[in-house]
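See structure below.
Treat the numbers as computed from the prediction; the structure is a model and nothing was measured.
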Amino acid sequence: MIHIAQTLKQYLPEDYPSAVSLLVTTIEQLPQDKHSGFLGMYFPEFVALYGLDDWKTSLPALARFTPFASSEFAVRPFILADPKRMMNQMKKWAKDRNHHVRRLASEGCRPRLPWAVSLPLFKEDPKPVLELLELLKSDPEKYVQNSVANNLNDISKDHPEVAIRIAKNWQGTSNATDWILKHGCRTLLKQSHPQALKLFGFGRSVEQLQKFEIQTTRLKLGSELKFSVLFHVKQKCTLRVEYLIDYLKKNGTHSSKVFQWTEREFSKGEHTLIGKQLFAPMTTRKHYPGKHRIRVRINGQEFEPAEFELQI
């Protein structure tokens, strides 16, 4: 992306406003599916590389490019150069009629945006970001809602207490806001944060598992681990049921990964859940032979694990 933007510089007019004007004209004349998504991100990247000294030209261009290819990476050098000025601009974008521009306001200031230039100032103090998210907390577009939730989730990783406070303050504002909060607190829920569990209605649990079993204690690489659980619910409640696999590492220790099994309302009485997990070669995880474990967690409460051996 950077290479293409740098190469464009060699062929565009030397005058920066003229070069940007040509890019704007070009992208508006091309079919959107030809220069959208990652393929078109060299347009805003050109602005990020060469436009920091000309905000008057650069900022409208970033807003114009973002419906074709998100300017979420390109705004970050401007934030770092002048946080107050840029966040004021992004607050204006948060009120824009175009949902792509509103989404840019949220996505561009995410403290932990993947692949992007880091914003350590917002990791340390997310207050400016929260002021912006306040403007978008009830946005009707799912595209924007998802970005707001991801931003809140970023904040929760550095300031869980702030995310909980925001969730308490915003909860019940609208259906859109409630969805944003639930998705934005997903890391806290995955970590079984007590206040997050209680806030989203996962306060009750089951006293014990009546049965938890795996189909086989020896598993070959490439096959599925099949398992089931039986438990009793005293009264109707909402349960978040997860299973955790403790993968054996090369050094003999284990690394845990949480998988959501189900999340729904359970009636009074006995319930059985059946699950399976594929153990196959993958680029993101190397499997090692030996003893692995699987355990169940219900509304934050973990139960005794079952052990199985992976054969490679």
Side-chain angles (χ1 to χ4, degrees), residues 1-122 127-129 131-136 139 141 143-144 147-148 150-151 154:
M1 182 176 73
I2 295 173
H3 172 71
I4 293 174
Q6 290 173 335
T7 303
L8 278 173
K9 183 76 164 60
Q10 302 173 31
Y11 297 94
L12 290 170
E14 288 188 16
D15 177 65
Y16 175 73
S18 299
V20 170
S21 178
L22 183 57
L23 289 178
V24 170
T25 301
T26 301
I27 203 168
E28 289 180 346
Q29 291 178 347
L30 292 171
Q32 188 162 336
D33 62 344
K34 297 299 183 183
H35 278 73
S36 61
F38 290 113
L39 293 180
M41 292 186 81
Y42 43 82
F43 285 88
E45 184 63 22
F46 182 89
V47 174
L49 289 176
Y50 305 111
L52 279 173
D53 294 328
D54 187 352
W55 288 47
K56 185 178 179 180
T57 300
S58 297
L59 299 190
L62 291 176
R64 189 63 197 92
F65 290 147
T66 205
F68 296 88
S70 177
S71 298
E72 64 199 61
F73 294 169
V75 298
R76 296 169 85 83
F78 291 87
I79 294 175
L80 291 171
D82 193 336
K84 185 175 181 180
R85 181 182 179 185
M86 192 60 200
M87 289 304 287
N88 283 336
Q89 175 61 54
M90 293 174 82
K91 287 178 182 177
K92 294 177 183 177
W93 284 344
K95 301 174 184 178
D96 198 275
R97 288 184 298 176
N98 189 306
H99 67 278
H100 287 278
V101 178
R102 299 197 306 275
R103 188 259 184 185
L104 171 62
S106 168
E107 197 72 7
C109 65
R110 281 181 57 184
R112 292 175 170 268
L113 180 64
W115 305 345
V117 173
S118 179
L119 298 178
L121 68 167
F122 292 155
K127 184 180 178 182
V129 179
E131 290 174 354
L132 185 143
L133 297 186
E134 182 77 33
L135 303 173
L136 296 168
D139 197 281
E141 289 286 341
Y143 188 47
V144 181
S147 176
V148 176
N150 287 339
N151 202 324
D154 282 1

Rounding to 0.5 Å, atoms CD1 (Ile27) and CZ (Arg64) come to a distance of 8.0 Å
Check your understanding: So, Ser18 side chain and Pro13 main chain: donor-acceptor pair closer than 3.5 Å or not?
Key -> no
Arg76 (side chain) donor-acceptor with Gly108 (main chain) under 3.5 angstrom: yes
Nearest heavy-atom approach of Glu28 to Phe68 is CA-CZ, 4.2 Å
Inset, instruction - List the steps and the verdict of side-chain hydrogen bond (donor to acceptor under 3.5 Å, both in side chains) for Tyr42 and Thr7. - result: CA-CA 10 Å; Tyr42 43 82; Thr7 303; over 6 Å; no
- Taking the side chain as C-beta and beyond, is there a heavy-atom pair between Asp139 and Val148 under 4.5 Å? no
dist Phe122:CZ -> Leu113:CG (nearest 0.5 Å) comes out at 12.5 Å
Is the ring centre of Trp55 less than 6.0 Å from the ring centre of Phe78?
yes
Sorted by chain and number, sequence neighbours left out, ring pair (Phe, Tyr, Trp, His ring centres under 6.0 Å) with Tyr50 holds for Phe46
Inset, instruction - Apply the test side chain to side chain contact (heavy atoms under 4.5 Å, CB included) to residues Ile79 and Cys109: give CA-CA distance (whole Å), side-chain angles for both, the deciding distance (0.1 Å), then the verdict. - result: CA-CA 8 Å; Ile79 294 175; Cys109 65; 4.2 Å; yes
Might you confirm whether atom CG of Leu22 has over 12 heavy atoms from other residues, nucleotides or ligands at distances under 6.0 Å? yes
The reported gap from CD1 in Ile4 to CG in Leu8 (rounded to nearest 0.5 angstrom) is 7.5 Å
Side-chain donor-acceptor pairs under 3.5 Å in residues 87-98, sequence neighbours left out?
{"from": "Asn88", "atom 1": "ND2", "to": "Lys84", "atom 2": "O", "distance (Å)": "3.2"}
{"from": "Lys91", "atom 1": "NZ", "to": "Glu131", "atom 2": "OE1", "distance (Å)": "3.1"}
{"from": "Asp96", "atom 1": "OD1", "to": "Asn98", "atom 2": "N", "distance (Å)": "2.8"}
{"from": "Asn98", "atom 1": "OD1", "to": "His100", "atom 2": "N", "distance (Å)": "2.7"}

Decide yes or no on side chain to side chain contact (heavy atoms under 4.5 Å, CB included) for Phe43 and Val20, but give the supporting numbers first. CA-CA 9 Å; Phe43 285 88; Val20 170; over 6 Å; no
Contacts satisfying salt bridge (charged side-chain N to carboxylate O under 4.0 Å, His left out) that involve residues 104-116 (not counting sequence neighbours) are Arg103-Glu107, Glu107-Arg110, Arg110-Asp154, Arg112-Asp158
So CG of Asp82 and CG of Leu52: to nearest 0.5 Å the spacing works out to 10.5 Å
Would you say Asp15 has more than 12 foreign heavy atoms packed within less than 6.0 Å of its CG?
-> yes
Rounding to 0.5 Å, atoms CE (Met41) and OG1 (Thr66) come to a distance of 8.0 Å
CG of Asn151 to CG of Leu133, rounded to nearest 0.5 Å, is 4.5 Å
